Colleague: 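Mind looking over this structure? Questions follow.
Bear in mind that the values here come from a model prediction, so they are computed numbers and not experimental data.
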Amino acid sequence: MKKDNFIKSLKTSLGSKYVLTAKWEKHTFSKGWRYGEGEALAVVKPGTLFQIWNVLKLCVEENVIVIMQAANTGLTGGSTPFGDDYDRPIVIINTMRVNHIHIINEGKQIIGLAGSTLFGLENELDKYGREPHSVIGSSCIGASIVGGVCNNSGGALVKRGPAYTELSLYAKINLDGKLELVNDLGVDLGNSEKEILNNLQSKNYNQDQIQFPKKLASDNEYKSRIRDVDAGTPARYNADKRRLYSASGCAGKIAVFAVRLDTYLKPTKSSVFYLGSNNPENFSKIRRDILSNFKNLPESGEYVHRDCYEAAKQYSKDTFIAIEKLGPSFIPKLFEFKRRVDLITGKFRFLPSKFSDKLMQFLSLFWPNHLPIRMEKFHEKYEHHWIIEMSDEGIDEIKNYLISYFEDNEGSFFECNKKEADKALLHRFVAASAVGRFHALNENNLGEMISLDIAFPRNEKNWFENLPQEIENQLEMKLYYGHLFCHVLHHNYIVKKGVDADALKKRLLKIYDDIGAEYPAEHNVGHEYLAKPSLTDFYKDLDPTNGFNPGIGQTSKNKYWK
C-alpha cells in the first residue's frame with residue numbers, strides 16, 4: 001500500500017484528529033523524555049481497545065513497525081524510535097486515551113487498560129483503603145500501569161517489589177507473521193477478538209467470569225528476597241529471568257491491552273525518619289540490622305547524597321513547587337507544556353536552546369527556600385542522607401533501634417512531622433531531574449550526561465562509589481541517590497567537555513561487572529543499555545518477526561532479527 005493510502009486507512013479507522021503526520025505534531029511522541037528520538041510515519045491515538053487492534057492489523061498487513069507507547073516518561077528511550085536506520089516505516093500507537101481501570105475482587109486486584117495511569121489508580125483505590133505497587137515518583141510524571149509492568153519498573157517500596165504479573169491480555173505477531181490475540185487475563189470475555197476487546201472495554205463481565213488461575217499478579221517472593229542480605233546477587237534487576245513472563249518485562253515486544261495486578265492494604269499509620277551520617281558504613285550496618293532482625297519491614301528507604309541534595313534544592317525547585325502546590329496530576333501537563341515551548345522556541349535562532357528549562361530555572365529563583373530547617377541542618381552536617389518510612393508496629397521498632405544505635409555510632413536522626421515527611425520524600429523524588437536541568441543551563445561548557453541504574457548484590461557492603469582518580473578527573477558532576485534497602489542506586493554523571501562519554505561509560509560498567517552488579521535495575525534497557533542474552537532470547541520468543549519495537553536493547557532493527 002502506498003504511504004498516502006496507508007495514512008488514509010488509519011484516518012478512516014480512527015478519525016483524522018487522532019492520526020498525526022505533521023512533524024511538529026509528532027515531536028512530543030517521537031522524542032524520548034530524556035533520551036533518544038527518531039522519525040515515525042505517523043502517531044496514532046486510538047480511543048478503544050478494538051481500535052488499537054485494527055491499527056495493529058493494518059500495520060502487520062502492510063509491513064509497518066509498531067511502537068506501543070503510553071505516557072512516554074521512560075528514561076532510556078524505549079518507547080520512541082531511535083535513529084533512522086530501520087528497514088521499515090514506523091507507526092507509534094499512543095494508548096493514553098484508553099485509560100480505564102476496573103476494580104475487581106473487592107479492591108484486592110485491578111485490571112488496568114493500556115493507557116491507565118498510576119496516579120489514576122491511586123485515586124481509584126483510595127476509597128477501598130488500598131494502594132498500587134508504586135506510588136509517588138513514577139506516578140508524578142504520569143507513568144502508566146501497563147508501562148510499569150512492561151518495563152520491570154518499581155521496587156522502591158520494600159514490601160511490594162517491582163511491577164509483575166502473569167495475567168495479561170495482549171497481541172503478538174507469530175513466526176508466520178500473523179497477528180494473534182492472547183487472553184491470559186483470567187477473565188472469560190468471549191471468543192472473537194472484537195468480542196473480547198469490547199467486553200473488556202465496557203466491563204461487560206461479572207464476578208462469575210473472573211477466574212483464579214495459579215498465576216501471580218505481583219512478586220510474591222520479594223519480601224523474603226530483600227531480607228536475604230548475604231546473597232551475592234541483586235534483589236531485583238531488569239533481566240532477572242524469574243520475572244520475565246509475557247507482558248512483564250516485554251519492553252514493547254508485544255502489544256499489551258490490559259494487565260491484572262494485586263493491590264496493597266494501606267497502613268493504619270506511618271512515620272518518616274530522617275537519618276544523617278558521614279560514614280556510609282553506618283547505613284550498611286543499619287540496613288543489615290533492619291532487614292535481618294526487624295519483625296516489620298520498612299515501607300521505603302530513600303538515599304540522597306549531599307551533592308544531590310544541594311543540586312535538587314537548586315535545580316529541581318520548580319518541579320518540587322509545582323507538585324506541592326498543584327498536585328501530581330499537574331506534572332504531565334507541565335512536561336507537555338515544556339516540550340511544546342521548546343518545539344516552538346527552537347524555530348527562533350535568537351532564543352536559547354532548551355528555553356523552557358532556562359525560563360523555569362529563572363522563575364524559581366524568586367521562590368523562597370522550600371525545604372524544612374531540620375533537613376537543612378542535616379545537609380550542612382552530614383554527607384549521607386537516608387529517608388526511611390515505617391508503618392504501624394514498625395514505627396516504635398525503628399525508633400527504639402535508632403535511639404540505641406546512634407548512642408554508640410556517628411550520625412543522628414529525627415522523626416519527621418507530617419510537613420517534613422512530605423517534603424523529604426518529594427525532595428528525593430524530584431532529585432532525578434537535577435542533572436538534566438544543570439546540563440541544560442550549562443551545556444555549552446559541558447560534555448555529555450551519563451545516567452546509570454545499578455542493582456548491587458545484596459551482600460555488597462561497599463555500596464557507596466569511590467572512583468579511581470583518573471575517572472574522577474574526567475567528571476564535571478556526579479549525583480547519587482537511590483533505594484538503599486534493595487541496593488538499587490542511581491548514578492548521574494556529567495563529563496567534562498571533550499571527554500569520550502561512551503568510553504568512560506564502558507569503564508564504569510566494568511567496575512560494576514567486577515562486583516556482580518546488574519544494570520539496568522528498574523528503567524529497562526531502552527536504547528541506552530545492551531540487552532543481555534537472556535533478555536534478548538525473551539524478546540525473540542515474544543516477537544519472532546521483530547515487528548514490535550525493534551532495536552530495543554541495542555538489538556537488530558531488521559525484520560526477523562537479521
Side-chain angles (χ1 to χ4, degrees), residues 20 25-46 52 55-56 59 64-84 86 89-99 112-119 134 137-154 163 168 170-171 238 247-259 331-332 335-336 338-339 432 436 451 453 520 522-529 531 535 539 542-543 546-555 557:
L20 313 181
E25 289 182 308
K26 295 184 291 182
H27 184 264
T28 299
F29 306 92
S30 58
K31 179 177 173 61
W33 187 59
R34 187 191 66 82
Y35 182 84
E37 62 183 301
E39 184 59 36
L41 181 63
V43 176
V44 300
K45 303 173 73 176
I52 296 175
V55 173
L56 290 172
C59 290
V64 172
I65 288 169
V66 170
I67 296 179
M68 300 294 293
Q69 179 190 91
N72 193 20
T73 57
L75 298 179
T76 58
S79 57
T80 63
F82 187 78
D84 58 1
Y86 294 86
I90 298 170
V91 164
I92 298 171
I93 301 179
N94 184 277
T95 62
M96 294 302 288
R97 292 178 63 213
V98 191
N99 58 3
L113 303 198
S116 56
T117 65
L118 282 168
F119 178 72
S134 184
S138 296
S139 55
C140 273
I141 54 175
S144 72
I145 298 168
V146 168
V149 171
C150 294
N151 293 315
N152 302 103
S153 299
S168 61
Y170 61 92
N238 190 257
S248 297
C250 72
K253 299 304 291 182
I254 52 179
V256 181
F257 292 98
V259 293
I331 297 305
F335 283 115
E336 174 68 16
K338 281 178 81 282
R339 280 172 164 164
S451 294
D453 173 26
E522 61 186 12
H523 289 161
N524 208 310
V525 289
H527 290 282
E528 192 169 14
Y529 293 91
L535 202 53
Y539 294 159
L542 289 177
D543 184 20
N546 207 17
F548 287 118
N549 209 10
I552 202 79
Q554 300 176 23
T555 57
K557 293 180 178 178

Colleague: Could you give the distance from CG (Leu113) to CG (Asn99), rounded to the nearest 0.5 Å?
Modeller: 8.0 Å
Colleague: Please find the pair of heavy atoms, one from Asn549 and one from Ile65, that lie closest to each other, and give the distance.
Modeller: N-CG2, 4.5 Å
Colleague: Measure the spacing between CD1 of Ile92 and CZ of Phe29 and express it to the nearest 0.5 Å.
Modeller: 8.5 Å
Colleague: Give the minimum heavy-atom separation between Ala255 and Leu56, together with the two atoms involved.
Modeller: CB-CD1, 3.6 Å
Colleague: Taking all heavy atoms of Lys253 and all of Phe548, pick out the closest pair and write down the distance.
Modeller: NZ-O, 2.6 Å
Colleague: If you compare all heavy atoms of Val256 against all heavy atoms of Ala114, which two are closest, and at what distance to 0.1 Å?
Modeller: O-CB, 3.7 Å
Colleague: My understanding is that only one of Asn151, Asn152, Thr76 makes a side chain to side chain contact (heavy atoms under 4.5 Å, CB included) with Asn238; could you say which?
Modeller: Asn152
Colleague: Counting C-beta onward and ignoring hydrogens, is there a side-chain heavy-atom pair between Thr80 and Ser30 closer than 4.5 Å?
Modeller: no
Colleague: Would you name the heavy atoms of Cys250 and Leu542 that are closest together and state the gap between them?
Modeller: CB-CD1, 3.6 Å
Colleague: Look only at the side chain of Asp453 and the backbone of Glu522, and say whether a donor-acceptor pair between them is shorter than 3.5 Å.
Modeller: yes
Colleague: Test of understanding: with ring-ring contact (aromatic ring centres under 6.0 Å, His included), list the residues that count as partners of His527, not counting sequence neighbours.
Modeller: Phe82
Colleague: Distance-only criterion, 3.5 Å: show the donor-acceptor pairs between side-chain atoms of residues 35-44 and protein atoms not counting sequence neighbours.
Modeller:
| residue | atom | partner | partner atom | Å |
| --- | --- | --- | --- | --- |
| Glu37 | OE2 | Lys31 | NZ | 3.4 |
| Glu39 | OE1 | Lys23 | NZ | 3.4 |
| Glu39 | OE2 | Lys26 | NZ | 2.7 |

Colleague: Output all residues satisfying side chain to side chain donor-acceptor pair (under 3.5 Å) with Ser79, sequence neighbours left out; order by chain, then residue number.
Modeller: Asn72
Colleague: Which pair of non-hydrogen atoms, one from Tyr539 and one from Ala531, has the smallest distance, and what is that distance?
Modeller: CE1-CB, 4.2 Å
Colleague: Any sub-3.5 Å donor-acceptor pair from Asn94's side-chain atoms to Met96's backbone N or O?
Modeller: yes
Colleague: Would you say Thr95 and Val146 make side-chain contact, with heavy atoms under 4.5 Å?
Modeller: no
Colleague: List the steps and the verdict of side-chain hydrogen bond (donor to acceptor under 3.5 Å, both in side chains) for Lys557 and Asn546.
Modeller: CA-CA 7 Å; Lys557 293 180 178 178; Asn546 207 17; over 6 Å; no
Colleague: Nearest 0.5 Å please: distance from the OG1 atom of Thr28 over to the CD atom of Gln69.
Modeller: 9.5 Å
Colleague: Any chance you could measure Ile145, atom CD1, to Thr117, atom OG1, to the nearest 0.5 Å?
Modeller: 6.5 Å
Colleague: Rounded at 0.5 Å granularity, tell me how far CG in Leu75 sits from CD in Glu528.
Modeller: 8.5 Å
